[in-house]
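Okay, structure first, notes after.
As a basis for the values below, the full set of heavy atoms in this structure was taken, side chains included, without hydrogen atoms, waters or symmetry mates. What you see is a predicted model, and the numbers here were worked out from it, not measured in a lab.
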Protein chains: 2
Amino acid sequence: MIKFNLCSNNIVDINYSNTEIKIKDAAKSLFLKKGYSATTTRDIARESDINLAMLNYYFRSKRRLFEIIMFETLYEFLSKMVEVYNDEKTSLEQKLKLCSEKYIDMIIADPLLPTFVLNELKNNPTSFLKMPTTKMIMKSNFVAQYQEGVKKGIYRKVDPIHFVTNVLSVIVFPFMCSPIIMKIENLSKKDFNMMMTERKKLIPAWIIQMIKK
Amino acid sequence: MIKFNLCSNNIVDINYSNTEIKIKDAAKSLFLKKGYSATTTRDIARESDINLAMLNYYFRSKRRLFEIIMFETLYEFLSKMVEVYNDEKTSLEQKLKLCSEKYIDMIIADPLLPTFVLNELKNNPTSFLKMPTTKMIMKSNFVAQYQEGVKKGIYRKVDPIHFVTNVLSVIVFPFMCSPIIMKIENLSKKDFNMMMTERKKLIPAWIIQMIKK
DNA sequence: TTTTTTATTAATCATTTGTTTAGTTCATAT
DNA sequence: ATATGAACTAAACAAATGATTAATAAAAAA
């Protein structure tokens, strides 16, 4: 059985044993729901239906198990994000549309992810440094296309970081407020997801209006 | 000494003892920085320089201390927010400007607040129900003015919840990403705050462009 | 002053929690 | 078939943690 290595670049084709997967799945689910500190090793053992000692047998410590999960989650998340950004074949407006659709679908499928990532990142920003895809965003085709539009006089000029930030803000933030939005609007989870689905079409239009001269 | 009461509406003029304040201040600072579970009662005792038993003497339990702090923090936060929304004398565009300025200043002064509120709310959305100001937002003058503009044909029509969500998104979300933004843009804390200050002027313009026909 | 209430302290309790150990079962290779 | 190492288990350990207690000091009321 091959031990996982944080520095490795291909995580996909590693031979995990059955129990190892069970532990990781349960741990990820619990870490996402309750955060690192509120999750106990016994919680994880119970949820994954394995013996407590197996956690340390496979992952040495709770901390290390968490870091592995954090790395894999970040990696998967960022990979999916960068995919759209760097497509040479699509226009900026198409990318905006694809972004909205893809990210919103992604978060609907895994709604606890943004809060988890941002929250645990606050305590440990170093884990982000290790991600090769991080710095790539600002050098992506997406940003380049925006700057081209500025040069052509089609788009208003503003530091690209503002542009990228705004796109992510209107996509991601509503999910982090879902308890509040659902409360004040009296929405069920299904209603809320419909509202988010609505935004897939609205967001690209909003962003274009924001930047267009 | 008057015991704090969660149902009371005026929290401002209660007579707290010296130690009580010291405990609350330390606890709030720690809860904001590390969250509920990662903060121990001994952390709080050390930070506030009081005897461990004083925490239970004044607040009965860690949980109750947390709930009091949560309530007061939420109350203060929401009060400040609603202030701008319901001013009858200002126009929508002025409100947008005031919003951006006030909220951004507020969060620069207390940058851990949004993540803390949203994160702990996820685990316990009920505490939000108790806040009288919550539901008021959608019935505020701010929303009414937007809907008026729609009727007049000045603004594009969209469910007001989207409008409010967007405004808050572009204001608040960047702060929650501050570790990421600082990392990929190589910014110091000072640089980052300058970037946020820049946004005070940009956001109102963006929002107007978003909704204007 | 004396009495009574309030505030504070050090020590202790009972659980919880992360981790380890010593022993057992199971699978595989020789 | 047997030897060897990996996978698994029940039990236990040590430290941490939320909470309480019994005793004392300080303040307020009588």
For the pair made of [atom1] in [X] and [atom2] in [N], what is the distance, rounded to whole Å?
| X | N | atom1 | atom2 | result |
| --- | --- | --- | --- | --- |
| B/K62 | D/dT17 | NZ | P | 9 Å |
| B/N18 | D/dA26 | CG | C1' | 15 Å |
| A/R60 | C/dT20 | CZ | P | 10 Å |
| B/E20 | C/dT8 | CD | C1' | 14 Å |
| B/F66 | D/dA19 | CZ | P | 14 Å |

Pairing of B/K28 and B/E72 as salt bridge, 4.0 angstrom limit
no
Any ion pair linking A/E20 and A/K24 (charged N to carboxylate O, less than 4.0 Å)?
no
Is [X] close enough to [N] that one of its side-chain N or O atoms is under 4.0 Å from OP1 or OP2 there?
| X | N | answer |
| --- | --- | --- |
| A/T19 | D/dC8 | yes |
| B/Y57 | C/dT8 | no |
| A/Y58 | D/dA6 | no |

Any salt bridge (Lys or Arg N to Asp or Glu O under 4.0 Å) pairs touching residues 99-116 of chain B, not counting sequence neighbours?
B/E83-B/K102, B/K97-B/E101, B/D105-B/K200
Listed pairs under 3.5 Å, donor-acceptor, residues 164-182 of chain A side chains, sequence neighbours left out:
unit_1, atom_1, unit_2, atom_2, d
A/T165, OG1, A/I161, O, 2.5
A/N166, OD1, B/R199, NH1, 3.2
A/N166, OD1, B/R199, NH2, 2.6
A/N166, ND2, A/H162, O, 3.3
A/S169, OG, A/T165, O, 2.7
A/S178, OG, A/F175, O, 3.1

Is A/R64 positioned over the aromatic face of A/Y58, cation under 6.0 angstrom from the ring centre and no more than 45 degrees off axis?
no
Taking only heavy atoms on the protein side, list every residue of residues 39-55 of chain A lying under 4.0 Å from any atom of DNA chain D, sorted numerically.
A/R42, A/N51, A/A53, A/M54
Out of D/dT20, C/dT20, C/dT8, which nucleotide sits closest to the side chain of B/N56?
D/dT20
Are B/F66 and B/F59 an aromatic pair by the rule of ring centers under 6.0 Å?
no
